[in-house]
Amino acid sequence: MSERSAPEPATDFIRERIRADLQSGKVRQVVTRFPPEPNGYLHIGHAKAITLSFSIAQEFGGRCHLRMDDTNPEAEDQEFVDAIMADVRWLGFQWDAMFYAADYFGQLYEWAERLVEKGLAYVDDQDAETISKTRGTLTAPGTDSPFRSRSPQQNLALLRGMRDGEFADGTKVLRAKIDMAHANLNLRDPVMYRIRRMPHQRTGDKWCIYPMYDWAHGQSDSIEGITHSLCTLEFEHHRPLYDWFCDALGIYKPQQIEFARLNVEYMLTSKRKLLQLVEGGHVDGWDDPRMPTLRGLRRRGYPPQALVAFCKHVGIAKVNGTHEIGLLEFFVRDHLNKSAARRMAVLDPLKLVIENWPGGPGGDHVELVEAQNNPEDPAAGSRQVPFRGELWIEREDFLEQPPKDFFRLAPGREVRLRYGFFVKCTGVDKDAAGNVVAVRCTYDPATRGGNAPDGRKVKATIHWVACRDAVTATVRLYEHLFTDPDPARADGGDFLALLNPHSRRETQARCEPSLAAAAPGTHYQFERLAYFYVDHRDSRPGAPVFHRTVALKDAYKKARS
RNA sequence: UACCCCGUGGUGUAAUCGGUAGCACAGCAGGUUUUGGUCCUGUUGGUUCCUGGUUCGAGUCCAGGCGGGGUAACCA
């Protein structure tokens, strides 16, 4: 409905460079790629990378590939491949072609022999520990391997032996012959192949040597004709090696461009830490609604459109910063406000008794009132909601002794029950301990639908659910997983100490009847409360489970805090 | 104590050939409103990290500082 959220034309250093490449004729059609390693689930940080690469391809009339960077069978699994594909689609993107780095193992091996023949790679018999030690440090140069000067012929025979399984795991590696004293540690004779007898999910037992990231990534990009290989900042030091391999091979060289990864307050994107949360039982699993994984965000109720809008809005740069989670929540509310149907539900019920209800408060008399499904979208239509003499209202909507800025129900005060009638509080019922157990009031039959013919106003409108028609449903209320906006920065790395003990609370809500049939995967706004998502995992027919996605803004609550 | 990258209001970003700072969110104030939501209007915040230089003129160029981030896996 609102005409804002107009997508301002994206401009940033990467797009500028692409425009220049297109203009100069260096590039004819833009080809990008999203290259995840299938060893875990995608999270919000990946959403930024996905949005970037896919939308750049869209904007420039190019193509975007999805490529599994599956060069390490120890950690990878088909389950993740499937999950990644599903998550990318869920975000709303469709790749123009799908590839696997494993599909290039044969080509990579041929190229390795070529490098060996050119004297640019050698087989090293040193073990991992020795290689690590002789690499030197950030300030001290490394030292040459005693095997560095083997002849191309020797190396070729050895490499073939490695490929043919003649050597035990870990006993030999193929290394690029660059410079053990280079200031960039990545250029100190990086390992290209390691021996590892382990079946690969794509190639089975065909290989017992597997390429390292640096030896596979740039070449994969080259094979696919990627024009702009976009990756995060930590790969900056790898670019010289990326270029070195392509130049040494004399093959097409894509350009790698780095950008800052996405950080959001209260969220962690370290695979290791996320795994710790799951394995330590601190969350329910990778799709726990408190997780920053795409699957978690989905179960929390974050619409993919909101995630993409957020990713586009934050832009890209080379500075590592942290985004306020409020910005993400803004995009979630922005999307849901226009798309989510409204319903009424009471989370913390307090009984409201209408003394002058026809036939008595507890009688059978019922009136069906019409409620709009979405004030922001007339096309969403309306529904009938039963109104009776006994209703549930939100406990916090009544105060026996209201402060001056409290507009809701209080003794002697009149408010509107949304889409229903005006009611005026006549008193309260209390238990022996003095707690209010019911609010008594009278209603004005002339205000049906919520308007007073005499034009009198009320200062508040509150939501309600008829007791007799209410359906009870499980509602899960979520808060940030951590108490600190920057859990990654936790002292000693003990981010677990920063877990928010109240990050999940479950309660039973009294909902209007139509909610009994809420379909899994649906988003609702429970009026005056929050947006909720009908969990697609735990909901059962007739027994929906609602997840609070994000609360509505609350000026009153904010003013009071 | 090496190398690389970076440094614009609270947060994130923008600023054509160098011409004195824009946008979004957040904040504040008011209006509308059958959600204290949405929407609308107005508004507070920046000596563009510092110092010096080039220039009629620099956030934009140069030099030197200071500050932040990254890098030493047979992971990606």
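Below, read A as the first sequence line, B as the second, and so on, with proteins coming before strands; counting in each chain starts at 1.
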Legend entry - Pairing partner of B:rC3 (Watson-Crick or G-U wobble, both distances under 3.5 Å): B:rG70
Inset, instruction - Report the nucleotide, chosen from B:rA24, B:rG36, B:rC75, that has the shortest atom-to-atom distance to any side-chain atom of A:Glu37. - result: B:rC75
Legend entry - Nucleotide nearest A:Arg408 (side chain, heavy atoms from C-beta), chosen from B:rA76, B:rG37, B:rG36: B:rG36
Inset, instruction - Look through every strand shown and name the nucleotide pairing with B:rU48 as Watson-Crick or G-U wobble, where both distances are under 3.5 Å. - result: none
Inset, instruction - Check every strand shown and say whether A:Ala128 touches a base, only sugar-phosphate, or nothing at a heavy-atom separation below 4.0 Å. - result: base
Legend entry - Separation between the P atoms of B:rC28 and B:rU38, rounded to whole Å: 13 Å
Legend entry - Centroid separation A:Phe526 to A:Phe546 less than 6.0 Å: yes
Inset, instruction - Identify whether any heavy atom of A:Ile462 sits under 4.0 Å from a base atom; if not, whether one sits that close to sugar-phosphate; answer base, sugar-phosphate or nothing. - result: nothing
Legend entry - For B:rG67, glycosidic torsion class - syn if within 90° of 0, otherwise anti: anti
Inset, instruction - Between B:rA24, B:rG36, B:rC75, spot the one nearest the side chain of A:Leu327, thanks. - result: B:rA24
Inset, instruction - Kindly confirm whether the side-chain ring of A:Tyr556 is stacked on the base of B:rG36, judged by centres under 5.5 Å and planes under 30°. - result: yes
Inset, instruction - Quick one: label A:Val319 by what it contacts on the DNA or RNA (base, sugar-phosphate, nothing), any heavy atom closer than 4.0 Å. - result: sugar-phosphate
Legend entry - Rounded distance in Å between the P positions of B:rU16 and B:rC62: 16 Å
Inset, instruction - Give a yes or no on this: more than 12 heavy atoms of other residues, nucleotides or ligands lie within 6.0 Å of atom NZ of A:Lys557. - result: no
Inset, instruction - Any strand is fair game: report the nucleotide pairing with B:rC28 by Watson-Crick or G-U wobble, both distances under 3.5 Å, or none. - result: B:rG42
Legend entry - No-H, no-angle donor-acceptor pair, A:Glu324 side chain to B:rG12 base, under 3.5 Å: no
Inset, instruction - Quick one: label A:Glu74 by what it contacts on the DNA or RNA (base, sugar-phosphate, nothing), any heavy atom closer than 4.0 Å. - result: nothing
Legend entry - Sugar-phosphate, base or nothing in reach of A:Lys172, heavy atoms under 4.0 Å: nothing
Inset, instruction - Using a heavy-atom cut-off of under 4.0 Å over every strand shown, decide if A:Asp127 touches base, sugar-phosphate, or nothing. - result: base
Inset, instruction - Describe the nucleic acid contact of A:Gly170 in one word from base, sugar-phosphate, nothing, applying a heavy-atom distance below 4.0 Å. - result: base
Legend entry - Of the listed nucleotides B:rC25, B:rU1, B:rU35, the one nearest the side chain of A:Thr139: B:rU1
Do any N or O atoms of the protein come closer than 3.5 Å to N or O atoms of nucleotides 66-72 of chain B, and which pairs are they?
residue	atom	partner	partner atom	Å
B:rG69	O2'	A:Asn320	ND2	3.4
B:rG70	N2	A:His237	NE2	2.8
B:rG70	N3	A:His237	NE2	3.1

Inset, instruction - Kindly say whether A:Tyr193 contributes a backbone atom to a donor-acceptor pair with the side chain of A:Trp215 at under 3.5 angstrom? - result: no
Inset, instruction - May I ask you to say what A:Asn39 touches in the nucleic acid, namely base, sugar-phosphate or nothing, with a heavy-atom cut-off under 4.0 Å? - result: nothing
Inset, instruction - Look at all strands and tell whether A:Pro211 reaches a base, only sugar-phosphate, or nothing, counting heavy atoms closer than 4.0 Å. - result: sugar-phosphate
Inset, instruction - For nucleotides B:rG9 and B:rC74, find the distance between their C1' atoms and express it as a whole number of Å. - result: 49 Å
Inset, instruction - Classify the side chain of A:Arg333 versus the base of B:rU38 as yes if they form a donor-acceptor pair under 3.5 Å and no if they do not. - result: no
Inset, instruction - Provide the closest heavy-atom pair for A:Trp111 versus A:Ile223 in the form atom of the first, atom of the second, distance. - result: CH2-CG1, 3.6 Å
Inset, instruction - Using the C1' atom on both, measure B:rG65 against B:rA24 and round to a whole Å. - result: 34 Å
Legend entry - B:rG46 to B:rG10 separation - C1' atoms, rounded to the nearest Å: 11 Å
Inset, instruction - Over all heavy atoms of both residues, which pair between A:Phe422 and A:Ala452 is shortest? Give the atoms and the distance, please. - result: CE2-CB, 3.6 Å
Legend entry - Distance between P atoms of B:rA58 and B:rU48 (Å, rounded): 11 Å
Legend entry - Least distance between heavy atoms, A:Asp69 atom then A:Ala101 atom: OD1-CB, 4.0 Å
Inset, instruction - Describe the nucleic acid contact of A:Glu394 in one word from base, sugar-phosphate, nothing, applying a heavy-atom distance below 4.0 Å. - result: nothing
Inset, instruction - Look at the side-chain N and O atoms of A:Lys553 and state whether any lies under 4.0 Å from the OP1 or OP2 oxygen of B:rU38. - result: yes
Inset, instruction - Pick base, sugar-phosphate or nothing for A:Phe406, based on heavy-atom distances below 4.0 Å to the nucleic acid. - result: base
Could you list the donor-acceptor pairs under 3.5 angstrom formed by side chains in residues 264-271 of chain A, with sequence neighbours left out?
residue	atom	partner	partner atom	Å
A:Glu265	OE1	A:Ile325	N	3.3
A:Ser270	OG	A:Arg272	N	3.3
A:Ser270	OG	A:Lys273	N	3.1
A:Lys271	NZ	A:Asn39	OD1	2.5

Inset, instruction - Indicate yes or no for a side-chain donor-acceptor contact from A:Arg261 to the backbone of A:Thr232 under 3.5 Å, with no hydrogens or angles considered. - result: no
Legend entry - Distance under 6.0 Å and angle within 45° of ring axis: A:Arg343 vs A:Tyr524: no
Legend entry - Watson-Crick/G-U partner (both atom distances under 3.5 Å) of B:rU20: none
Legend entry - A:His323 side chain reached by A:Phe310 side chain, heavy atoms, under 4.5 Å: yes
Legend entry - Between B:rC6 and B:rG64 - P atom distance, rounded Å: 16 Å
Legend entry - P spacing across the pair B:rG37 / B:rG19, given as an integer number of angstrom: 42 Å
